[in-house]
Amino acid sequence: MSTPVELSPVDLEILRLLQNDARITNKDLAAAVGLAPSTCLDRVARLRDTGVITGQHASVDAAKLGRPLEAFLFVQVRPHRRPLVDAFVEHLLSLPEVRAVYHLTGPDDFLAHVATSSAGELQRLVLDELTARDEVARVHTNLVFQHWSGGPLLPPGA
């Protein structure tokens, strides 16, 4: 488990601003938090070096890419052992329909967020790529009607 990194109020504001707009220029970011651009650049580099900032991402509309049907697939794997788990995760991540994979506790072992072109493609994905595998004991599918994203992630109490 990761050890939390001590963050100043300025670091927290940098994180908030970057999570709202990762394309903000360093000059504008520095002005917004009241730092010189070089100091701000150093702060952002420190946040990257310590692993607080893990990357920058573009949000993509799956429907505009021809994948309007999104679903969550809850998957139970048996036996639940490391070699099978690792191979299963690798397989999931190789599928172009898979947007995210989570390893869970409880009755299901994995949650896969997928985006497909149609119900038929979703069925093909479940039958040919998941339940056809020996280690997959069960797949439960929930369709996504709509989703909302939360605000910036900051430490508790920030």
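Heads up: numbering here begins at 1 and tracks the sequence. All values below were derived from every heavy atom in this structure, side-chain atoms included, with hydrogens, water molecules and symmetry-related copies excluded. Because the structure is a prediction, the values reported are computed rather than measured.
- At least one side-chain heavy atom of T50 sits under 4.5 Å from a side-chain heavy atom of R46.
- Within a 6.0 Å sphere centred on CD of Q19, heavy atoms belonging to other residues, nucleotides or ligands number more than 12.
- Contact annotation: the side chain of F88 never approaches that of V101 to less than 4.5 Å [non-hydrogen atoms, C-beta and beyond].
- Of all non-hydrogen atoms in L143 and A71, the two that sit nearest each other are CD2-CB, 4.0 Å.
- The line from CG of L104 to CD of Q76 is 11.5 Å long, rounded to the nearest 0.5 Å.
- Atom OG of S117 and atom CG of L65 lie 12.0 Å apart (nearest 0.5 Å).
- Taking NE2 of H103 as the start and CG of D108 as the end, the distance is 11.0 Å to the nearest 0.5 Å.
- We find that R124 and E97 are joined by a salt bridge, their nearest charged nitrogen and carboxylate oxygen being less than 4.0 Å apart.
- Using a 4.5 Å cut-off between side-chain heavy atoms of Ile, Leu, Val, Met, Phe, Trp and Tyr, with links allowed through other members, V98 and L84 fall into different hydrophobic clusters.
- R99 has a carboxylate O that lies under 4.0 Å from a charged side-chain N of E70, or vice versa, which qualifies the two as a salt bridge.
- In this structure, CG in L29 is found 8.0 Å from CG in L35, a value given to the nearest 0.5 Å.
- Listed for the S94 side chain is a donor-acceptor partner under 3.5 Å among the backbone atoms of H91.
- Partners of Y102 by ring pair (Phe, Tyr, Trp, His ring centres under 6.0 Å), not counting sequence neighbours: none found.
- Atoms CG and CG, from D11 and L154 in turn, are 11.0 Å apart once rounded to the nearest 0.5 Å.
- Tracing side-chain contacts under 4.5 Å through hydrophobic residues (I, L, V, M, F, W, Y), one never reaches V136 starting from L111; they form parts of separate clusters.
- Using bins of under 30°, 30° to 60° and over 60° for the plane-to-plane angle, the ring pair H147/H113 lands in the perpendicular bin.
- Side chains of F74 and T141 form no contact here, defined as non-hydrogen atoms less than 4.5 Å apart.
- The structure places CG of L73 at 11.5 Å from CD of E129, a figure rounded to the nearest 0.5 Å.
- The cluster map of Ile, Leu, Val, Met, Phe, Trp and Tyr, joined by side-chain heavy atoms under 4.5 Å apart, puts L15 and I24 in the same cluster.
- By the criterion of side-chain heavy atoms lying less than 4.5 angstrom apart, applied directly or through intervening Ile, Leu, Val, Met, Phe, Trp or Tyr residues, V144 is not grouped with V114; the two fall into different hydrophobic clusters.
- E135 has its side chain out of reach of R78: every pair of non-hydrogen atoms, C-beta onward, lies at least 4.5 Å apart.
- The shortest side-chain heavy-atom distance between L47 and V5 does not fall under the 4.5 Å cut-off.
- Between the side chain of R67 and the backbone N or O of T116 there is no donor-acceptor pair closer than 3.5 Å.
- No continuous path of hydrophobic side-chain contacts links F72 to L130 [ILVMFWY only; heavy atoms under 4.5 Å].
- H80 is listed as a side-chain neighbour of V85, based on a closest heavy-atom distance under 4.5 Å.
- Heavy-atom contacts from other residues, nucleotides or ligands closer than 6.0 Å to CG of D134 number 12 or fewer.
- S8 and R43 form a side-chain donor-acceptor contact under 3.5 Å, judged by distance and modelled atom types alone.
- For the residue pair D42 / T39, no side-chain donor-acceptor distance below 3.5 Å is found, with atom types taken as modelled.
- Side-chain contact between L18 and Q56 is absent, with no heavy atoms from C-beta onward closer than 4.5 Å.
- Looking at K27 and C40, their side chains never come closer than 4.5 Å, going by heavy atoms from C-beta outward.
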